[in-house]
Amino acid sequence: MDDSAPRSEWVRACSRQELDQAGRTLFRAGPKQIVLFATPKGVRACNNRCPHEGYPLSEGTLDAECRLTCNWHNWKFDLEDGANLYGGDRLRTYPVALRGEDYWVDVADAPAALRQREALEHLRDAFADKEYDRIARDLVRLRRAGGALSDALAAAILWSHDRLEFGWTHAYAGAADWLALADEAGPDPERPLIAILEAMTYIAEDVLREPVFGYGEDVADYDEAAFLAAIEAQDEGRAMALVRGGFERGLGFADLEPALSRAALAHYIDFGHPLIYVVKCGRLIARLGAAVEKPLTLALVRGIAYAAREDLIPEFRGYAKALARFGKAPAKSLDDEALRRAGIGLALELVAAAGAAPPLDLYRSMLAAGAERLLTFDLGFDSRHDGPVADNASWLDVTHGITFANAVRRQGTKFPDLWPAGLLQLACHAGRNLGFTDRTQDLSRWAVKDADRFFEEEIAALFDHGIEEEIVAVHRLKTLLAAREEWRAGAAGKDGPLLLAAVHRYLHEPLKGRHPRRTARQAMAFVAREG
């Protein structure tokens, strides 16, 4: 059967006399509950269940203008076409015909292709308002019409990429991980739905009420050296023109990935976020296809161009010197215990001196150092309110020792010239977080006995996480999946148990989402110093 062609399925609903006497009547056609109304504009039929929360519209109020009100939450619908007068879900209406003394209703569903288009159109409205429940319903409608949930995620990227003022965010990175979990869900109908719902809702949050920022229209012949120079100069317009020129020449993300990775590691920026985003960008493009390739890449370039360069502040200025001497001396073993006790300066010195060692050996030490910081994080820093701004730290700060490490290994393996920068930036991260740890804690209870079961249970928990703040929820997702990837790859080596224990503790210790008193005190202190 051609499901693209309209078809009819007329069923008898009620007699003319019955409707004239009652003014409205309810009948069933298979799983459908349909209500007929005698209105001043003629007989109209619609779903009996309000698309908001399912209350019976047969109990609703009908006015002279053919507007039907659901009395539970005051949603109003035009029975002429099902339009929602408050901008929410539309109401399904049905054609009605009088045949003799009986009313008949066409209960046939529209062709699948049309229902998919309509579901995406309605989904865009829900996305624009970040209506969680409505996004979920429209995703189900899309899937029921034979559409792929991943198509909705691709659409969300197209709706959002040019409304990100500073480029890529955690929302896109989380979308890559949620999509991976959706793909491994098997026959479970709930997990893919939850995964795409969570991904789309966070994207919607990031662009809620944001205008279009655009990426310009200039085009220049792509050249990697010119692109890297533009990023170094923080010339977003030039960088965009070069990338756009590359796409017009037929290049794709895979061709640009080496330069994007080098740009992401040209400085120690944003705790390693840009390199993480390069990895996630590639995964989204590989999964969702060419439609999202250019939008995602342009957003990524903007993010790299705007990223804060921490290696230029006093705390990390030793990075450039360490990079210059990395691997220049004879191979020297890296003292893991010394590294775990090292601040920024010593950590850079230790890693640079060991630079001639095999990169993966050094990487295992850096991953272990990041895991140790996560495991020994001092909860006091996340709860106190009497310290300076420099002491503000939370679990989210130290999770990057795992997620950034994962990105360094992946891109260092692909592009070996990136290893020195990646390893030394991990040293920056580990050294910086030393001051937020307490190694005197008894942490034995966080040991994981069964790694496979641990990941299975913790990933299952993600699908009902109950966390209101998207940024908190997505860090749990990203950290858990990065740790699983490193564990499966054997990248943690003998320190695998340390990695598991660290993630275990992070997932089950409290995290304070908002700091009203800390914020107020620091604001007063800051303004007082302004004079």
Side-chain angles (χ1 to χ4, degrees), residues 9 11 13-14 16 18-98 103-110 114-145 147 152 155-156 159 193 197 200-201 204-205 207-209:
E9 185 181 345
V11 298
C14 64
R16 181 176 187 175
E18 180 183 353
L19 186 59
D20 287 346
Q21 290 177 348
R24 63 186 65 184
T25 188
L26 180 68
F27 80 99
R28 287 177 170 79
K32 296 181 175 72
Q33 283 191 25
I34 300 173
V35 59
L36 272 70
F37 294 92
T39 81
K41 297 183 178 182
V43 177
R44 299 290 182 266
C46 67
N47 272 351
N48 184 45
R49 297 299 180 187
C50 177
H52 178 215
E53 291 188 356
Y55 290 100
L57 291 174
S58 57
E59 300 295 331
T61 300
L62 186 68
D63 67 15
E65 299 301 319
C66 207
R67 293 176 301 205
L68 176 63
T69 298
C70 177
N71 293 323
W72 273 263
H73 298 101
N74 209 38
W75 279 36
K76 298 180 184 296
F77 305 93
D78 186 344
L79 284 186
E80 291 293 299
D81 58 8
N84 188 323
L85 303 183
Y86 286 173
D89 303 64
R90 294 179 65 87
L91 177 64
R92 171 82 185 274
T93 58
Y94 299 87
V96 181
L98 179 64
Y103 284 107
W104 289 66
V105 174
D106 184 1
V107 300
D109 291 326
L114 176 59
R115 285 184 284 131
Q116 291 172 28
R117 287 198 301 271
E118 289 180 343
L120 284 172
E121 289 171 3
H122 300 163
L123 187 59
R124 184 167 192 172
D125 291 338
F127 177 86
D129 293 330
K130 195 201 167 188
E131 294 183 83
Y132 190 78
D133 293 349
R134 187 179 168 199
I135 292 172
R137 292 192 293 270
D138 283 327
L139 285 172
V140 174
R141 291 173 184 132
L142 173 65
R143 183 168 66 181
R144 188 173 182 182
W159 300 333
L193 173 63
L197 171 64
M200 290 190 64
T201 303
E205 166 70 18
V207 298
L208 188 64
R209 293 182 288 273

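All residue numbers refer to positions in the sequence shown, counting from 1.
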Between H52 and W75, what is the ring plane arrangement, given parallel below 30°, perpendicular above 60°, and tilted in between?
parallel
Just wondering, do [Y] and [X] contact through their side chains at under 4.5 Å, heavy atoms?
X: C46; Y: F37; answer: yes
X: L139; Y: I135; answer: yes
X: E18; Y: Y103; answer: no
X: D125; Y: R134; answer: yes
X: W72; Y: E53; answer: no
X: L114; Y: R117; answer: yes
X: R141; Y: H122; answer: no

Using the rule given for side-chain contact (heavy atoms from CB on, under 4.5 Å), can you reason through L57 versus L68, listing the C-alpha separation, both sets of side-chain angles and the distance that settles it, and then say yes or no?
CA-CA 8 Å; L57 291 174; L68 176 63; 3.9 Å; yes
Go through D106 and E9 one step at a time and tell me if the side-chain contact (heavy atoms from CB on, under 4.5 Å) criterion holds.
CA-CA 5 Å; D106 184 1; E9 185 181 345; 4.2 Å; yes
Do Y86 and N74 get their side chains close enough for a donor-acceptor pair, meaning under 3.5 Å?
yes
For E205, check side-chain hydrogen bond (donor to acceptor under 3.5 Å, both in side chains) against everything at least two apart and list the hits.
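side-chain hydrogen bond (donor to acceptor under 3.5 Å, both in side chains) list for E205, sorted by chain: K130.
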So, are D109 and K32 salt-bridged, with charged N and O less than 4.0 Å apart?
yes
Check salt bridge (Lys or Arg N to Asp or Glu O under 4.0 Å) between E118 and all other residues, then give those that pass, not counting sequence neighbours.
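Residues passing salt bridge (Lys or Arg N to Asp or Glu O under 4.0 Å) with E118: none at all.
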Note: L79 and L62 closest approach over all heavy atoms is CD1-CD1, 3.7 Å
